[in-house]
Amino acid sequence: MAEEQQAGGAAEPARDDAPAPRADQRERGGERGRDRERGRDRERGRDRERGRDRGRGGERGQGERGGDGERPGAEGGENGAGEDEAAEREQERERAAGRFKEHTRDPLAGEESEDGPTDLAAASRARRTSQLLFDTGRDWNTFDRSYIGSAHIGDIHLRMDARQPLTGVRGGPVPDEELRRLRRVHVEPEGYVRLRTALTARRLLVLGAAPGTGRTSTALSLLDEVTAQARDDADAADPPAARVRRVDPEGGVRQLADSLSGEGAEQAARGTGYLLKLELSRPGAVPPEAMDLDQLAAALAACGSYAVLVVTVGSAANALLAGRYGMLCPPADTQELLTTRLRERVEDHVAAVVDEVAGDAERRVAELLRQAEELAARDEVTEAVGLADLRPAEAELLASLLAGHLLEELSYEELLAGCRSLAARQAQEWFAGVDRALTAQAAGAGEQPTRPEAAALFHPVASRIALAVLGGATRSAVATAAHLLTWELSVQSDPDATPTRPLFCDDPESELALSRAELTDGHVEMTGTEFAARLIWYRGTALPGAVLSEVWDRHFPVRAPVVRWLRLLADDPRAQVWVRAAVAAGELCVRDFDHGYAELVRPLAEASTARRRVFAATLLDQAAGHASHRAVVRGLVGDWARNGTRELRWTAAMALGYGNAAASVGDTLDALARIGVRGEGEQMAVASFNVVRLLTRPDAAAVLRRMSDWTRHRNPAYQDLGLVTTVRLAGHEVADVLADDPDSGLGERGHWPLMLALAATRPELVAPIADLMWTALNTPRSKEVATDALETLLRSAVRQDSKGGAEGTKPGLAALLLALLSTEADRRRLDWLLRRMMNDPDDPLPDALARRLWRLATPRDGADQARRPERHEVEESHG
């Protein structure tokens, strides 16, 4: 094969450098094996005397390995030529061992760059958590195509595109019909009685809440109650008038106070309620001062009226809400909202179409309500809704959808599509016309346009995008990323202006409410250690995908700053940041793979830093998780593995390690072998690392068989690939190889060496793993590194003993050692290794622990009498 010739030179490897015999060969006896080795040494010596060219070879695959004998200098000779031969063989052996050790280095340690090694365990945890945000049981590529814009359910017309007019009712009386319906369906939030008491006592209430949480309906309900009581207490001769009125926000607090205390004050009806929405987020808007509120309260008291000022929580409203008239309005209970809206829909239907007596109508309403609640509780429906809390408008829409399906006016598919529209509706409301104020400001000015508020305007949407990408990370990480994106958006909006933003105007609690987010107590992993942290999430699994879909699909100019921002996140050393960003980038590429490939995949895959290339590989694996893009990802990775540059082959190897970038495990291993043996094994480290990652999957037996085939291959490069992968299997912990299959049984053994975890959980793999490890221990060029790996396995059990005697890795170690130590020479090697561990000046192994480790490797039933003397002898030598 072409690859074999390129990687290994001649087809036949140097004899003294071939891997050790397999298990079926070593069963014939340790002494016969040593005799054969001595005979081979003598034969090699005669060959070199006849012609050194044959011994060293012309290629690196043979020449540099030609002298890697296990007993250098055994046939030293009686003259100077023999001594030179022995010295040369020793140097060749050391060079071969050094090259092998280089192949076993950490492939993610940064290479020529200045990056530090990637925290693999933390990356594994972050990737699993981030994927949960986008695993909604559907192909993301078809998400928006299941979207419906509107529907007719009976005599109800539902709008589901969220493109509602930005301007509503500015002023005027609230119709009695609206108040009657409000009394019927309004759900009182927690603390409602306290709000009503404050309004009754002070006549004025500044009510703060996030938009869409029912703050307006709560304000109207409060005004309806207090004005009804005031009208009941007033003289019946007073002329009737509208009890509740909306006030045009353009006039503000001062104009309302003047209208109540001016010349026409005597015409104002007593007991009237006024609703005023203060738009403090508009450019140039100034919140009313405390004396303005006092003046309005005095005017209201003079005419026996009431007023509620509705404001959006945030830094602009903090002073108002902290004053004597300010109070927060919590959202109503989601389940109660939905039940109330469902009851209204069902009762309306029964009243319109059912001609029954009262008792039958009530039973019919109860039955439909029960069916609707059962339908709402289905996993498919709750997953499609994807919102932890429903706001009043969302509860009303969901109730209409559920009722429409029960009344056979909507199909089940239409019901699910309408449910998915809830999160999309929220995302559209967040991003629609964000920079309209800046455009209007620039168009209306007759001079050079300035945008001093651009950063303040873009920061809320930047925070929502950052939360969609990094949901589940620490709050500080999301906030840092949001500020980076704010800068990118501001520069994109006006490249000539330097973005500025106030430093002490953030309101964390308000930002959580406005972004429908929450903080939870959790843990973040770093260098294998967890620590407590405050994590931030959207309150709804559908919101991250809806936000990214809205930004990527409906606002094309935003793509450029978002791409630059994602590249910055790819350089972040924290796994909780760059891994989550890679997963989100993969989802964005599914939306438009052509654009994502040109702007994200290819530039990052060819980067000089290892972390950026791992970012690209993770991105591709996320895209390959979608059936619609699996073929293009596999074709791309396969082409890189065959014909790509050095960097592209490296990225392809990392993508193949996830297991989704090729059609089968055999194709994956073929591609990894092609990468590993090419160019004298310059990328064997990354290839072998990703072969080990495949061992966490269900088809690990096939991977072990392929590793065994490699060690028997005629090409030394393939032999090295099998040996290096074996040593790496012993040296890596489960968490290091990104084992994220919940069905693998390895999740609870994250800090176990992967070799022992497989031996403990999958007994059928013990024999092939032991054969591979034995081969590595008995092959000269891999012997030193394999011995160090075996010591690591032994010390993993010692660490568990030091923590109170927990069993820990001992089951896996015992299974492996019993299969590994089948000859007298094997047991002598263990004896020597235990002695070395006991004499280690930095970390000496206690005698008692050494005896325990020895017992793991010997039969416990006492049936094998041949092993008893040696076991006692070694235990005695351990003291």
Side-chain angles (χ1 to χ4, degrees), residues 104 106 117 119-122 124-125 525 527-530 689 692-693 695-696 700 704 724-739 744-763 765-766 768-770 772-774 776-777 782-821 826-827 829-840 842-858 860 878:
T104 61
D106 183 1
D119 192 342
L120 298 174
S124 175
R125 179 185 295 273
E525 187 168 346
T527 63
T529 305
E530 290 186 350
F689 170 75
V692 172
R693 291 173 65 189
L695 287 167
T696 63
L704 292 173
V724 169
T725 306
T726 301
V727 173
R728 198 178 293 281
L729 171 60
H732 275 295
E733 294 184 348
V734 172
D736 291 342
V737 291
L738 307 180
S744 65
L746 303 176
E748 298 179 357
R749 297 174 171 84
H751 296 295
W752 280 39
L754 179 58
M755 182 176 284
L756 300 187
L758 291 174
T761 57
R762 302 187 61 177
L765 302 181
V766 173
I769 290 176
L772 287 167
M773 190 64 182
W774 190 93
L777 287 168
S782 61
K783 179 178 180 180
E784 179 182 353
V785 180
T787 301
D788 293 340
L790 180 59
E791 179 178 345
T792 300
L793 298 179
L794 295 172
R795 288 194 181 275
S796 69
V798 172
R799 288 196 300 269
Q800 295 296 328
D801 270 350
S802 65
K803 295 179 181 179
E807 191 175 44
T809 64
K810 286 183 179 179
L813 182 61
L816 178 65
L817 290 178
L818 289 175
L820 181 63
L821 308 179
D826 298 333
R827 289 188 288 275
R829 178 189 294 113
L830 177 62
D831 174 51
W832 172 84
L833 181 57
L834 290 174
R835 295 189 194 191
R836 189 181 80 171
M837 295 168 63
M838 294 170 63
N839 296 325
D840 189 335
D842 298 324
D843 187 14
L845 180 68
D847 295 353
L849 293 181
R851 286 193 295 270
R852 293 177 188 173
L853 291 176
W854 177 257
R855 293 191 188 102
L856 291 178
T858 56
R860 300 182 179 182
H878 290 164

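Source: prediction; values computed, not measured.
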From CG (L756) to CG (L793), nearest 0.5 Å: 4.5 Å
Nearest non-hydrogen partners of A759 and A815, listed with the distance: O-CB, 4.4 Å
Compare every heavy atom of K810 with every heavy atom of L856, then report the nearest pair and how far apart it is. CD1-CG, 4.3 Å
Residues A776 and S782: closest non-hydrogen pair is O-OG, 2.7 Å
To the nearest 0.5 Å, what is the distance between CG (L833) and CE (M838)? 12.0 Å
Could you go step by step and tell me if L834 and L794 meet the side chain to side chain contact (heavy atoms under 4.5 Å, CB included) rule? CA-CA 9 Å; L834 290 174; L794 295 172; 4.2 Å; yes
At their closest point, which heavy atom of W752 faces which heavy atom of A760, and how far apart are they? CZ3-CB, 3.6 Å
Do any N or O atoms from the side chain of T792 and from the backbone of G731 form a donor-acceptor pair under 3.5 angstrom? no
Within the supplied structure, the quantity of interest is the number of heavy atoms (other residues, nucleotides, ligands) at a distance under 6.0 Å from E791 CD; does it exceed 12? yes
In chain order, what residues pass the side chain to side chain donor-acceptor pair (under 3.5 Å) check against D788, with sequence neighbours excluded? R836
Could you grab the distance from atom CG of L790 to atom CG of L820, nearest 0.5 Å is fine? 6.5 Å
Residues in side-chain contact (heavy atoms from CB on, under 4.5 Å) with A789, at least two apart? V727, A730, M773
Partners of A700 by side-chain contact (heavy atoms from CB on, under 4.5 Å), sequence neighbours excluded? L695, R762, L765
Would you say the side chain of M837 lies within less than 4.5 Å of the side chain of D840, judging by non-hydrogen atoms? no
Could you tell me whether D831 and R827 have a side-chain N and a carboxylate O separated by less than 4.0 Å? no
Gap separating the CG atom of L817 from the CZ atom of R855, nearest 0.5 angstrom: 14.5 Å
Interatomic spacing from CG in L853 to CG in L813 - rounded to 0.5 Å: 6.5 Å
How close do L821 and A857 get, counting heavy atoms only, and between which atoms? CD1-CB, 3.3 Å
Result of checking L772, L704, V692 against T726 for side chain to side chain contact (heavy atoms under 4.5 Å, CB included): L772
Taken in chain and number order and not counting sequence neighbours, the residues that satisfy side chain to side chain donor-acceptor pair (under 3.5 Å) with D843 are R795
